[in-house]
Asks: 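Okay, here's the structure, questions in a sec.
All values derive from a computational prediction rather than experimental measurement.
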Amino acid sequence: CINTLGSYQCMCSDGYTLDLDNHTCYDHDECLDKTECEQVCHNSNGTFYCSCYNGYRLALNNRTCDEIDECLENISGCNQLCVNTKGNYYCTCYNGFEIG
C-alpha cells in the first residue's frame with residue numbers, strides 16, 4: 001500500500017488484481033484473457049507461460065508454435081520413407097516393400 005495524505009491506497013504487482021476489499025491482491029489468470037499463446041496457456045503465480053501440442057515446439061517469441069518436421073530433422077525413426085504432416089508424420093515404404 002502507498003501512503004497518501006490522510007489515507008492510503010493499495011496496489012498490486014503485475015499479474016495480480018486488487019480484490020473488492022481494496023486490500024488483498026490475488027493472482028490474475030492471464031489465460032482467461034485470451035493471451036497471445038497460440039496453443040496452450042499455463043497460469044502460474046503472477047504470470048503465465050505458453051506451450052505447444054505434440055509435434056510442435058515453442059517459437060523464439062515464447063508465444064507461437066512451430067511445426068516440427070520429424071522427417072527433415074531425421075527424428076522419425078522411419079526405415080525407408082517419411083511423410084511429414086501437420087503436427088505428426090508417418091512412415092511408408094519404397095515400391096515393392098510393406099510395413100511389417
Side-chain angles (χ1 to χ4, degrees):
C1 294
I2 300 170
N3 285 324
T4 60
L5 189 59
S7 187
Y8 64 92
Q9 179 181 1
C10 293
M11 298 171 60
C12 301
S13 301
D14 287 345
Y16 293 88
T17 301
L18 189 62
D19 204 350
L20 295 176
D21 66 5
N22 287 327
H23 293 90
T24 308
C25 295
Y26 64 90
D27 177 52
H28 178 80
D29 188 346
E30 295 86 355
C31 296
L32 297 177
D33 293 338
K34 303 287 187 206
T35 64
E36 296 175 19
C37 293
E38 182 178 30
Q39 292 184 359
V40 182
C41 181
H42 304 273
N43 187 57
S44 59
N45 257 346
T47 190
F48 70 98
Y49 64 95
C50 303
S51 66
C52 304
Y53 302 133
N54 288 337
Y56 295 84
R57 72 169 58 98
L58 201 57
L60 293 176
N61 64 14
N62 289 324
R63 298 285 186 267
T64 59
C65 298
D66 295 328
E67 201 267 333
I68 299 170
D69 187 335
E70 294 85 356
C71 302
L72 186 64
E73 294 186 20
N74 206 22
I75 57 174
S76 67
C78 295
N79 288 327
Q80 294 185 4
L81 300 173
C82 179
V83 179
N84 189 61
T85 61
K86 280 279 196 195
N88 210 343
Y89 69 94
Y90 63 91
C91 300
T92 188
C93 302
Y94 299 122
N95 285 336
F97 294 87
E98 58 186 54
I99 293 179

Asks: Tell me which pairs pass salt bridge (Lys or Arg N to Asp or Glu O under 4.0 Å) where either residue lies in residues 83-93, with sequence neighbours left out.
Replies: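 Every candidate salt bridge (Lys or Arg N to Asp or Glu O under 4.0 Å) pair involving residues 83-93 fails, so no pair, neighbours aside, qualifies.
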
Asks: Quick test of your reading: applying salt bridge (Lys or Arg N to Asp or Glu O under 4.0 Å), list the pairs with at least one residue in residues 35-52, sequence neighbours left out, ordered by first then second residue.
Replies: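 Matches after skipping sequence neighbours: none remain.
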
Asks: So, using side chain to side chain contact (heavy atoms under 4.5 Å, CB included) as the criterion, who are the partners of C25 when residues are at least two apart?
Replies: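 Result, side chain to side chain contact (heavy atoms under 4.5 Å, CB included) vs C25: C12, Y16, L18.
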
Asks: Which ILVMFWY residues can you reach from V83 by hopping between side chains whose heavy atoms are under 4.5 Å apart?
Replies: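 Taking Ile, Leu, Val, Met, Phe, Trp and Tyr as members, V83 shares its hydrophobic cluster with Y90.
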
Asks: Which pairs with one or both residues in residues 1-19 pass salt bridge (Lys or Arg N to Asp or Glu O under 4.0 Å), sequence neighbours excluded?
Replies: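 Sorted pair list comes back empty.
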
Asks: What salt bridge (Lys or Arg N to Asp or Glu O under 4.0 Å) pairs are there with at least one residue in residues 42-52, not counting sequence neighbours?
Replies: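 Counting only pairs at least two positions apart or across chains, no salt bridge (Lys or Arg N to Asp or Glu O under 4.0 Å) contact touches residues 42-52.
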
Asks: Give every donor-acceptor pair under 3.5 Å between a side-chain atom in residues 39-50 and any protein atom, sequence neighbours left out.
Replies:
{"from": "Q39", "atom 1": "OE1", "to": "Y53", "atom 2": "N", "distance (Å)": "2.7"}
{"from": "H42", "atom 1": "NE2", "to": "S51", "atom 2": "OG", "distance (Å)": "2.6"}
{"from": "N43", "atom 1": "ND2", "to": "D27", "atom 2": "OD2", "distance (Å)": "2.6"}

Asks: Applying side chain to side chain donor-acceptor pair (under 3.5 Å), name anything that partners T64, two or more places apart in sequence or on another chain.
Replies: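 Partners of T64 under the side chain to side chain donor-acceptor pair (under 3.5 Å) test: N61.
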
Asks: Do you know which two heavy atoms are closest between Y89 and C82, and how far apart they sit?
Replies: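 For Y89 versus C82, the nearest heavy atoms are CD1-SG, 4.1 Å.
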
Asks: With sequence neighbours left out, what residues match Y8 under side chain to side chain donor-acceptor pair (under 3.5 Å)?
Replies: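 Per chain and number, Y8 pairs via side chain to side chain donor-acceptor pair (under 3.5 Å) with H23.
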
Asks: Say you draw a straight line from CG of N79 to OG1 of T92; how long is it, rounded to the nearest 0.5 Å?
Replies: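 If I round to the nearest 0.5 Å, the distance is 12.0 Å.
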
Asks: What pairs with D33 under side chain to side chain donor-acceptor pair (under 3.5 Å), at least two apart in sequence or on another chain?
Replies: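 Partners of D33 by the side chain to side chain donor-acceptor pair (under 3.5 Å) criterion, ordered by chain and then number, come out as H28.
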
Asks: Show me the side-chain donor-acceptor pairs of residues 70-78 shorter than 3.5 Å, one per line, residues at least two apart or across chains.
Replies:
{"from": "E73", "atom 1": "OE1", "to": "R57", "atom 2": "NH2", "distance (Å)": "2.9"}
{"from": "E73", "atom 1": "OE2", "to": "R57", "atom 2": "NH1", "distance (Å)": "3.0"}
{"from": "E73", "atom 1": "OE2", "to": "R57", "atom 2": "NH2", "distance (Å)": "3.3"}
{"from": "S76", "atom 1": "OG", "to": "C78", "atom 2": "N", "distance (Å)": "3.1"}

Asks: When Ile, Leu, Val, Met, Phe, Trp and Tyr are grouped by side-chain heavy atoms lying under 4.5 Å apart, directly or through other members, which residues fall in the same group as L60?
Replies: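 For L60, no cluster forms, as it stays isolated from other hydrophobic side chains.
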
